[in-house]
Amino acid sequence: MRAGSIATLAPVIAVSCVLALPQAAQGADYLRGSQIEQPVEPPPLFGGGRFDWSGFYLGGGAGVSDTKFKPGEGLSALADYSFRNTLLGAENNMGRFISDLPEKRDSGAQFFGIVGYNYLFDDVVLGLEADYTRSGHNYSVSDYIGRRTTTSDGTLNDWSMSTNQGAKLNDYATLRLRMGWAYGRIMPYATIGGALGRFNTTSTIKSTWYFYRTNPTTGVAEEGYASGYEPSVAPVGSTKKNTYAFGLSAGAGVDWALTDNLFLRAEYQIVRFAEIEGTTVTVNTGRVAAALKF
């Protein structure tokens, strides 16, 4: 009786085992993790996900700048002007004596603010940005030269020039076009635009001229300072405050969005100003910033 009952249940047990095998295999696959069908998204902070770079933003930062001051031809022209309408100046190129003034550099920290607006075209970012930078970098070159020269009328001339050339970049602003490529929350970009700098400048020459000659009419020996070249006479040239020079600006950098309203920036910028009162100024800056996006 018992053996017959077992024989009767054997087909039922076999069918149950067959039906249970797929469920067991599926459970094993689940434990092995094969049920994960979607790829793992990269963390948003490292470029994954979408980010809307368009809109208005403002911020500020700091950087380290190297400012090169290159004296131009202004002081040389001033030397020629100092001896204008004289036989000494007509027979001697006075400007050539002071035409090789050395370049000077100044470096240090600078602080700046930025404001701008971006337009987003798919992954292309076009924008307009203005910045203001407080500088204070400066230079000064002083020199002295003296010569004894005989002019064609037989006069022996002892003359000298004390020169002073300098400039201070108080601050400057730029207005630049920005072109970038959005890779999620990271955006590399390049910039180009114009600049306006505010300077204090000095460009002066103090000239003296002492002569020895024989009066062609009386034959009497004469000597003394030429009129207008006494040591007490003020130098020619000028010292100016708050003079302005235009320039060009270019740079490249990368923005990194930490949140939907905050991004960080690392950037290199070069600004070159036109010659102002005899000095050409170039500013190279590496800087970092943080900005709020609205």
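In this text, all values refer to a predicted model and were calculated from it rather than measured experimentally.
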Where do D52 and S54 land on the side chain to side chain donor-acceptor pair (under 3.5 Å) test, with the steps shown first?
CA-CA 6 Å; D52 183 7; S54 64; 2.6 Å; yes

Qualifying residue for ring pair (Phe, Tyr, Trp, His ring centres under 6.0 Å) with F199, from F69, F273, Y244:
F273

Presence of salt bridge, [Y] and [X], under 4.0 angstrom:
X    : Y    : answer
D106 : K168 : no
D255 : K293 : no
D260 : R185 : yes
R265 : E129 : yes
R213 : E223 : no

Nearest non-hydrogen partners of [X] and [Y], listed with the distance:
X    : Y    : answer
P71  : E103 : CD-CA, 4.1 Å
V124 : W181 : CG2-CZ3, 3.6 Å
A245 : A274 : CB-O, 4.0 Å
S249 : R176 : OG-CD, 3.5 Å

If two hydrophobic side chains count as joined below 4.5 Å and joins carry through other members, does [X] share a cluster with [Y]?
X    : Y    : value
L169 : F246 : no
L175 : I114 : no
M179 : F121 : yes
Y57  : L120 : yes
I205 : Y144 : no

Are there more than 12 heavy atoms of other residues, nucleotides or ligands under 6.0 Å from atom [atom1] of [X]?
X    : atom1 : value
E73  : CD    : no
D122 : CG    : no
I192 : CD1   : no
F56  : CZ    : yes

Could you tell me whether [X] and [Y] have their ring centroids closer than 6.0 angstrom?
X    : Y    : result
F263 : F51  : no
W209 : F211 : no
Y132 : Y172 : no

Donor-acceptor contact below 3.5 Å, side chain [X] vs main chain [Y]:
X    : Y    : value
D80  : G95  : yes
T191 : G251 : yes
N92  : M94  : no
W53  : A257 : no
T218 : V220 : yes

Ring pair (Phe, Tyr, Trp, His ring centres under 6.0 Å) with Y225: which residues, sequence neighbours excluded?
Y210

Considering only residues two or more places apart or on different chains, which pairs with a residue in residues 82-117 satisfy ring pair (Phe, Tyr, Trp, His ring centres under 6.0 Å)?
F83-Y229, F97-W159, Y117-Y119

Stepwise, does the side-chain contact (heavy atoms from CB on, under 4.5 Å) test hold for E275 with K70?
CA-CA 9 Å; E275 183 174 315; K70 182 178 180 180; over 6 Å; no

Looking at [atom1] of [X] and [atom2] of [Y], how far apart are the two atoms once the value is rounded to the nearest 0.5 Å?
X    : Y    : atom1 : atom2 : result
L101 : T163 : CG    : OG1   : 6.0 Å
I186 : L264 : CD1   : CG    : 11.0 Å
L75  : T204 : CG    : OG1   : 7.5 Å
I270 : S65  : CD1   : OG    : 11.0 Å
T202 : Y139 : OG1   : OH    : 9.0 Å
I145 : S207 : CD1   : OG    : 11.0 Å

Give the intermediate values and the outcome of side chain to side chain donor-acceptor pair (under 3.5 Å) for residues Y212 and E222.
CA-CA 6 Å; Y212 305 86; E222 300 176 340; over 6 Å; no

Distance-only polar pair, side chains of [X] and [Y], donor-acceptor under 3.5 Å:
X    : Y    : result
E91  : S152 : yes
R178 : N118 : yes
N157 : T155 : no
S135 : Q110 : yes
N284 : Y268 : yes
T279 : Q165 : yes
T174 : D131 : yes

Side chain proximity check, N200 to T243, heavy atoms < 4.5 angstrom
no

Are the side chains of D66 and R105 in contact, using a 4.5 Å heavy-atom criterion?
yes

Would you please test V271 and T282 for side-chain contact (heavy atoms from CB on, under 4.5 Å) and show each step?
CA-CA 6 Å; V271 180; T282 304; over 6 Å; no

For residues 186-211, the salt bridge (charged side-chain N to carboxylate O under 4.0 Å, His left out) pairs (sequence neighbours left out) are D171-R198

One pair to check against side-chain contact (heavy atoms from CB on, under 4.5 Å): R272 and L248. What are the steps and the verdict?
CA-CA 6 Å; R272 184 183 178 94; L248 296 176; 5.6 Å; no

Criterion side-chain contact (heavy atoms from CB on, under 4.5 Å) on V64 and T285, from CA distance to verdict
CA-CA 6 Å; V64 176; T285 306; over 6 Å; no

